[in-house]
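Shown next, in structure tokens, is the structure this report addresses.
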Amino acid sequence: MRKELSKQYTPHGMEQKWYKFWQDEGMFLADENNSHAKNTYSIVMPPPNITGKLHLGHALDDTLQDILIRFKRMNGYETLWLPGTDHAAIATEAKIVAKLKEEGLTKKEIGREEFLKRAFAWKEDFGGQIIAQIKRLGCSCSWEHERFTMDDGCSAAVRHLFVDLFNRGLIYRGERIVNWCPYCKTSISDAEVDYVPKAGNLWYINYKVEGGQFITIATTRPETMLGDTAIALNPKDERYADLVGKTAILPLLNRKIPIVADEYVEMEFGTGAVKITPAHDPNDFEVGQRHNLEIIKVMTEDGRINENGAKYAGLAILEARKQIIEDLKAEGVLVKTEELEHNVGICYRCGNVIEPLVSKQWFVKMKPLAQPAIDAVVQKKIKFVPERFSKIYLHWLENIKDWCISRQLWWGHRIPAYYCEQCSQMIVSEEAPKVCPNCRSTKILQDEDTLDTWFSAALWPFSTMGWPQQTNMLKNFFPTNTLVTAYDIIFFWVVRMAFVSLDQMKEIPFEYVYIHGLVRDAQGRKMSKSLGNGVDPLQVIEQNGADVLRMSLIIGNSPGNDIRFSDDKILLARNFANKIWNAARFVLMNISDTEECEELNPKALQIEDKWIITRLCKVVKEITANIEAFELGIALQKIYDFSWDVFCDWYIELAKLRLKNHEATVCCVLVNVLKEILKALHPFMPFITEEIWQALPHKGKSIMLETWGIHFKADEFKAEADEFEKLIAIIKAIRNARAQGKVTEGQKVNICIVTAEEVIKENADFITQLCKAKSVVFAKAEPEDTDGAIAATTDSARAFVYVTESVDKDKELAKLGLQLEALNKEYLVLQERLSNPGFLNKAPKAVIDNYIEQKEKLAERIVNVKANIKKYS
RNA sequence: GGGAGUAUAGCUCAGCUGGUAGAGUAUCUGCCUUACACGCAGGAGGUCACAGGUUCGAGUCCUGUUGCUCCCACCA
């Protein structure tokens, strides 16, 4: 049915309408029982966390995936795009703690149970919001399979994995140095520590050595000396050769500590002598292990000095530092103080300084798990796009340390380890034991800690498909085909999915890892809350539509590279949407209600039809290859260029001539080419393409279900299409000549063309039309009279443009008079509105700005018209 | 200290396997030719960071230098 389209593209309304339609009609459904295994395509959506709103990074990530999944769906694949949300342990817990604080409450006061209740309520609120926002973007996820990292199935998978790794000796519990955040009161993994340069001091302190000598050490953290259990020197350091093996006296506490030799000490730094605090420094811990040193913890978990710190006990770290410096000065052992800028580890979540400290934690033994994950990438079973990111992945795995998986948080998967209160027996099991297998006691407590968020995230590609059950979905859709994610998440997530999948499934979790960059602001800065430079994607959707947001994120985007998001891009996308919209409007205005344009009759085609079809086939073929190679930015650019420069600027202009006679073939070509453009564009801009599609005569239900690719044979008309380019070339040259010769639109010209090309001679009407000519004649040789003519030359033709008439002044003046009148009227209307206080107060700012802009443009035009009137009178 | 990216029109960036430099925007000239002024036609604007090399031919490949960005490690 032919429908009227409004003059300008307005997305409002169409998005909800079509999204609901697609979903109601079950178009996103993945048939998990489909056994045509070769014909399936699956993507696992990186689950957004439930702490916040959709940001542009998500929007980009999800748009890329939606393009791929829609493309594959149109290519006939059974597709599964499995969505979900992540509980984001530490981040969510921090938010809830902050909210409690507002109410004057603490975690401990309300207790674990109540805390979890609140956390789940939070999930209901915000988890739902982010899903709604993803739908708003147009993402065609398989929503009936939506998952959450802490739902029953995923939780069971987590316990299964933990128990399995534990039973195989790959999970152990031990005292190790961990990164401790005194604010979040939990350990965090190495990857969660950020290092920032900070101005600090390097203090030089004399330690007395037995026998009366002194040895000077340098430190940036003097308070840790309370836990010193040795001094270390480099074995090659001749300055101190005689000191190794002797005993030093720790100032303030007067503890006797050994002097040891260790390669770790750099002779050039400080004095070449290092105090060793195994409990509070990762390197010192290792030195301690090598030399069998005592480990003395002097810090509490909330960042204070503990009872081992003698008189300093109870002081916060910085207070203790101050006091200790004072006391060292008083004792006369503080030799000097230097300023030193050094890197300080901070918690990636709360920004507070990390204190390394020894504590009992759960770890995953990484070496045996890492190797298969390394092999998978080396052997190109898992392929990174762009390839260079595999280096980051490999480098990380080759230097991996054991993974600390326990967190002292409440929000998360509780560690499935249980302790008998009576006999201290530890039981690790998927289900909580009722009685102790050792002493039959029923007093059993579960480990207080929860697991690192990434422990459950590592299972995501298959826990979401029902693992550890052997489901049909797993059989048909696992391993998944593609993972789309940003490069900043490679260590956190990609690596962990890889080794867990290879260990548990004996298969890679995905074949391609498509890495995209970060979305930055117009100045290239990271978008962040503190800078306030974040662009809210929802607002962009509100103002311009999801299609425009999607296009502005994809255009000019190449794999792995960051993109800058700017108003220019939005404008580009909006203008393009409007262009397509109007091209469709034009086609609809020119076809009759009963037009049947399903099939093209090759015999009825004119040369320009064959030309556009050939160009179309070529471009669709290229676009297909681009999408398959993940070059989505290029693919979209090609659709843009073809639609605008080829279809609109040339074919529609050429078609106008034939449309005067309501010729059926040209209508048919217009409709069919437009349809092909819409199909190619659909993965990128799903809503506008569906809206237009539904307005066109068609048999299908939705453009989503159309088959990708062109129905015509690509090379059939190639020779004629090439011929046609010659006509285009001469038209361009003549237009150029007109402009160079300052021939205005109003001035008619006669054109004489010398050419041997039939294609030019036969299509003189097009030249008349597109070059605004009065007449076009052909000559065998260059005309004798070329005085005043402007020449235009191409490879195959030479044209002479004669300006035959000067501008008819009276006619021109009359026209300009009318124009001026109309413009003035329009101007007055705008001015009136803009001086109306009611309007100014109530209308949205965007509307007012638009009016002001329009008014300015009108004023400019009025000035121009007035100038022209002056010119002619 | 190790590694990676990047350097192309005033600005923001494309440019895949080497073959006559592209887009958007800004700018200049003409246009309300009614699908679209969110538009049309035309123009100006680039030693493709620098220096070498391979090649008949290099923005593209190799080596080096410089600037910017990022990642990893680490600084007692």
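As the structure is a prediction and not an experimental result, all values here were calculated from the model.
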field: Residue pair A:N561, A:S558: steps toward the side-chain hydrogen bond (donor to acceptor under 3.5 Å, both in side chains) verdict
entry: CA-CA 6 Å; A:N561 290 348; A:S558 56; 3.1 Å; yes
- request: Answer yes or no: are there more than 12 heavy-atom neighbours, outside A:E398 itself, under 6.0 Å from its atom CD?
  value: yes
Applying a 4.0 Å non-hydrogen cut-off, can you work out what [X] is touching in the nucleic acid: base, sugar-phosphate, or nothing?
X      : result
A:W203 : nothing
A:I652 : base
A:A629 : nothing
A:N283 : sugar-phosphate
A:V265 : base
A:Y195 : base
A:L572 : sugar-phosphate
A:F576 : nothing
A:G270 : nothing
A:T219 : sugar-phosphate
A:D649 : sugar-phosphate

Separation of [X] atom [atom1] from [N] atom [atom2], in whole Å?
X      : N      : atom1 : atom2 : result
A:D567 : B:rA26 : CG    : P     : 12 Å
A:Y264 : B:rG1  : OH    : C1'   : 15 Å
A:D488 : B:rU69 : CG    : C1'   : 15 Å
A:F647 : B:rG39 : CZ    : P     : 17 Å
A:L636 : B:rG24 : CG    : P     : 14 Å
A:K638 : B:rG15 : NZ    : C1'   : 10 Å
A:D262 : B:rA76 : CG    : C1'   : 12 Å
A:I634 : B:rG24 : CD1   : C1'   : 16 Å

Expressed as a whole number of Å, how far does the [atom1] atom of [N] sit from that of [M]?
N      : M      : atom1 : value
B:rA14 : B:rA9  : C1'   : 13 Å
B:rG46 : B:rU27 : C1'   : 16 Å
B:rA73 : B:rC11 : P     : 36 Å
B:rA21 : B:rG15 : C1'   : 9 Å
B:rC61 : B:rC48 : C1'   : 16 Å
B:rU20 : B:rG57 : C1'   : 12 Å
B:rG45 : B:rC31 : P     : 23 Å
B:rG10 : B:rC28 : P     : 16 Å

If you only use heavy atoms from C-beta on, which nucleotide in [options] is closest to the side chain of [X]?
X      : options                : answer
A:N575 : B:rU33, B:rG15, B:rG39 : B:rG39
A:E631 : B:rC38, B:rG42, B:rC16 : B:rC16
A:K772 : B:rC72, B:rA76, B:rU33 : B:rU33
A:S558 : B:rC71, B:rG15, B:rA4  : B:rG15
A:N578 : B:rC72, B:rG42, B:rC38 : B:rC38
A:K656 : B:rC72, B:rG39, B:rA35 : B:rA35
A:F269 : B:rA35, B:rA76, B:rC70 : B:rA76
A:R564 : B:rU25, B:rU12, B:rA76 : B:rU12
A:K569 : B:rU12, B:rC74, B:rA23 : B:rU12
A:K401 : B:rC71, B:rA76, B:rC74 : B:rC74

So, [X] versus [Y]: side-chain donor-acceptor pair below 3.5 Å or not?
X      : Y      : result
A:H291 : A:D262 : yes
A:Y9   : A:N544 : no
A:Y264 : A:E286 : no

Do the side-chain N or O atoms of [X] get closer than 4.0 angstrom to the phosphate oxygens (OP1, OP2) of [N]?
X      : N      : result
A:K391 : B:rC71 : no
A:H342 : B:rA76 : yes
A:N561 : B:rA14 : yes
A:N736 : B:rG43 : yes
A:K579 : B:rC40 : yes
A:W396 : B:rC71 : no

query: What do the steps show when you test A:N234 against A:Y240 for side-chain hydrogen bond (donor to acceptor under 3.5 Å, both in side chains), and what is the final call?
result: CA-CA 8 Å; A:N234 192 298; A:Y240 301 120; over 6 Å; no
- prompt: Which residue, A:Y640 or A:D281, contacts RNA chain B at a nucleotide closer to its 5' end, judged by nearest heavy atom?
  reply: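 The residue closer to the strand's 5' end, by nearest nucleotide, is A:Y640.
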- prompt: Relative to the 5' end of RNA chain B, which residue comes earlier, A:A739 or A:G272, by the nucleotide with the nearest heavy atom?
  reply: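 On the 5' side of the pair lies A:A739.
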So what's [N] paired with, Watson-Crick or G-U wobble, going by both distances under 3.5 Å?
N      : value
B:rA7  : B:rU66
B:rC13 : B:rG22
B:rU29 : B:rA41
B:rU60 : none
B:rG1  : B:rC72

- prompt: For the residue pair A:H280 and A:R221, what are the closest heavy atoms and their distance?
  reply: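 Heavy atoms of A:H280 and A:R221 come nearest at O-NH1, 3.2 Å.
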message: Please report whether the ring centroid of A:F384 lies less than 6.0 Å from that of A:Y512.
response: no
message: Strictly distance-based, threshold 3.5 Å: is any side-chain N or O of A:N582 a donor or acceptor partner for the main-chain N or O of A:R585?
response: no
- request: Just do the side-chain hydrogen bond (donor to acceptor under 3.5 Å, both in side chains) check on A:T337 and A:N201 with the steps written out, would you?
  value: CA-CA 7 Å; A:T337 310; A:N201 287 317; over 6 Å; no
